[in-house]
Amino acid sequence: SIRRELRLRESESRLKNAMKLGRMSPLEYDFASDRFLTDRQMSDIWGYAEYFDNNNPISRDKLLEKVHPDDKGFVIDKFDEAINTGTGIDLSFRILSQGELKYIHFVSEAVYDDRNTPVKLVGVAQDITGMKKLELSLAKNLEGLSFIADKIGLGLWEMEAGSGAISVLNYRANIHALKEHGVTHI
């Protein structure tokens, strides 16, 4: 019906907008042709917009050219495992694109043919560079705070509200203060 068609188009539009705002893109990898298909946004992130513009799929080797050298072996192993076992992938890795270090998160599941043979991976890729930079900045700040606390003899610890789990953040955690709060085992 026309009403159902309209709802479907609206739903599709919302999904496309949410994926764009989340810097997420659909990604498909065909085992037989060794080719990736994605959208313009992810092609831009990887620095391969011309492939998208010319309607050309990207080979695995071409994408691997952009993977950070320290992550390349891990990424190859995960893709080979997925191809050989028909399992999905959930991994984050770095790429070097257009002179910039970027972080990508890729999640997929295997698609099988009628003989129950895995034929492709279908999933989403997300540019998580902003989140990763924030995470690294926070870790660096915590490291600096821990260094200062160690130098002045101050103990740092945190308690997770939900579980009550306590994490000691630096070597000189004030054991006496923890005991005052009922912590008996560290």
Side-chain angles (χ1 to χ4, degrees), residues 7-140 142 160 162-163 165 167:
R7 284 195 316 249
L8 181 61
R9 285 185 188 168
E10 288 172 353
S11 177
E12 200 173 283
S13 176
R14 284 192 303 273
L15 176 60
K16 283 182 181 179
N17 193 39
M19 288 186 68
K20 181 180 174 187
L21 291 172
R23 298 190 51 86
M24 297 173 71
S25 295
L27 194 66
E28 183 176 306
Y29 175 68
D30 182 78
F31 294 170
S33 67
D34 186 37
R35 297 287 184 254
F36 282 92
L37 296 172
T38 188
D39 65 3
R40 174 61 190 242
Q41 178 175 255
M42 194 53 58
S43 298
D44 283 343
I45 290 166
W46 280 81
Y48 288 131
E50 70 278 3
Y51 282 79
F52 182 82
D53 293 342
N54 295 321
N55 202 28
N56 292 327
I58 303 169
S59 71
R60 186 169 91 155
D61 287 342
K62 196 72 176 163
L63 283 181
L64 283 172
E65 290 175 7
K66 302 280 183 161
V67 174
H68 190 283
D70 293 342
D71 296 350
K72 198 170 286 194
F74 169 73
V75 172
I76 290 170
D77 289 348
K78 286 295 185 182
F79 270 93
D80 287 346
E81 180 183 326
I83 291 167
N84 294 329
T85 63
T87 57
I89 295 177
D90 186 348
L91 74 148
S92 297
F93 55 94
R94 297 168 291 176
I95 64 171
L96 297 167
S97 176
Q98 303 160 341
E100 259 186 85
L101 179 66
K102 298 177 184 179
Y103 295 82
I104 303 296
H105 184 220
F106 178 65
V107 181
S108 72
E109 61 183 25
V111 175
Y112 295 82
D113 65 13
D114 54 1
R115 293 179 309 238
N116 206 29
T117 303
V119 293
K120 63 182 164 182
L121 295 173
V122 175
V124 293
Q126 182 178 23
D127 178 0
I128 59 169
T129 303
M131 289 185 291
K132 196 65 175 176
K133 284 181 178 178
L134 178 60
E135 179 184 309
L136 293 170
S137 175
L138 290 171
K140 186 176 179 180
L142 180 59
E160 189 176 311
S163 68
S167 300

Run the ring-centre check on Phe106 versus Tyr29 and record whether the distance is less than 6.0 Å. no
List the atom of Ala125, the atom of Met42, and the distance in Å for their closest heavy-atom pair. O-CE, 3.4 Å
Salt bridge (charged side-chain N to carboxylate O under 4.0 Å, His left out) between Glu65 and Lys62, worked out: CA-CA 5 Å; Glu65 290 175 7; Lys62 196 72 176 163; 3.4 Å; yes
Quick check: closest heavy atoms across Asp30 and Lys120, and the distance to 0.1 Å? CA-CB, 3.9 Å
Does anything in residues 100-114 form a salt bridge (charged side-chain N to carboxylate O under 4.0 Å, His left out)? List the pairs, not counting sequence neighbours. Asp113-Arg115
Keeping the roles fixed (side chain from Thr38, backbone from Pro26), state whether a donor-acceptor pair exists under 3.5 Å. yes
How many angstroms lie between atom CD of Gln126 and atom CD1 of Ile104, to the nearest 0.5 angstrom? 9.0 Å
Which atoms form the tightest heavy-atom contact between Gly47 and Gln98, and what is the distance? CA-NE2, 3.3 Å
Could you walk me through whether Leu37 and Leu27 satisfy the side-chain contact (heavy atoms from CB on, under 4.5 Å) test, starting with their C-alpha distance in whole Å, then the side-chain angles of each, then the deciding distance to 0.1 Å, before giving a yes or no? CA-CA 6 Å; Leu37 296 172; Leu27 194 66; over 6 Å; no
Thr87 OG1 to Glu81 CD distance, which is reported to the nearest 0.5 Å: 5.0 Å
Distance check, rounded to the nearest 0.5 Å: Ser25 atom OG versus Arg40 atom CZ? 11.5 Å
Under 4.0 Å between a Lys/Arg side-chain N and an Asp/Glu carboxylate O for Lys132 and Glu135? yes
For Ala82 and Gly88, work out which heavy atoms get closest and say how close. CB-O, 4.5 Å
Heavy-atom side-chain contact between Phe52 and Asp44 under 4.5 Å: no
Residue from Phe31, Phe93, Phe36 passing ring-ring contact (aromatic ring centres under 6.0 Å, His included) with Phe79: Phe36
Asp127 side chain to Thr129 side chain, donor-acceptor N/O pair below 3.5 angstrom: yes
Atom OG of Ser43 and atom CG of Asp53: how far apart are they, to the nearest 0.5 Å? 8.0 Å
For a side-chain contact (heavy atoms from CB on, under 4.5 Å) check, start with the C-alpha distance between Ile83 and Arg60, then their side-chain angles and the critical distance, and finish with the verdict. CA-CA 12 Å; Ile83 291 167; Arg60 186 169 91 155; 3.6 Å; yes
Judged by atom type as modelled, is there a donor-acceptor pair below 3.5 Å linking the side chain of Ser97 to the main-chain atoms of Ile45? yes
Atom pairs and distances, donor-acceptor, side-chain atoms in residues 70-78, under 3.5 Å, two or more places apart:
from, atom 1, to, atom 2, distance (Å)
Asp71, OD1, Arg94, NH2, 2.8
Asp71, OD2, Arg94, N, 2.8
Asp71, OD2, Arg94, NE, 2.9
Lys72, NZ, Leu64, O, 3.0

Take atom CG of Asn84 as the centre, draw a 6.0 Å sphere, and report whether it contains more than 12 heavy atoms from other residues, nucleotides or ligands. yes
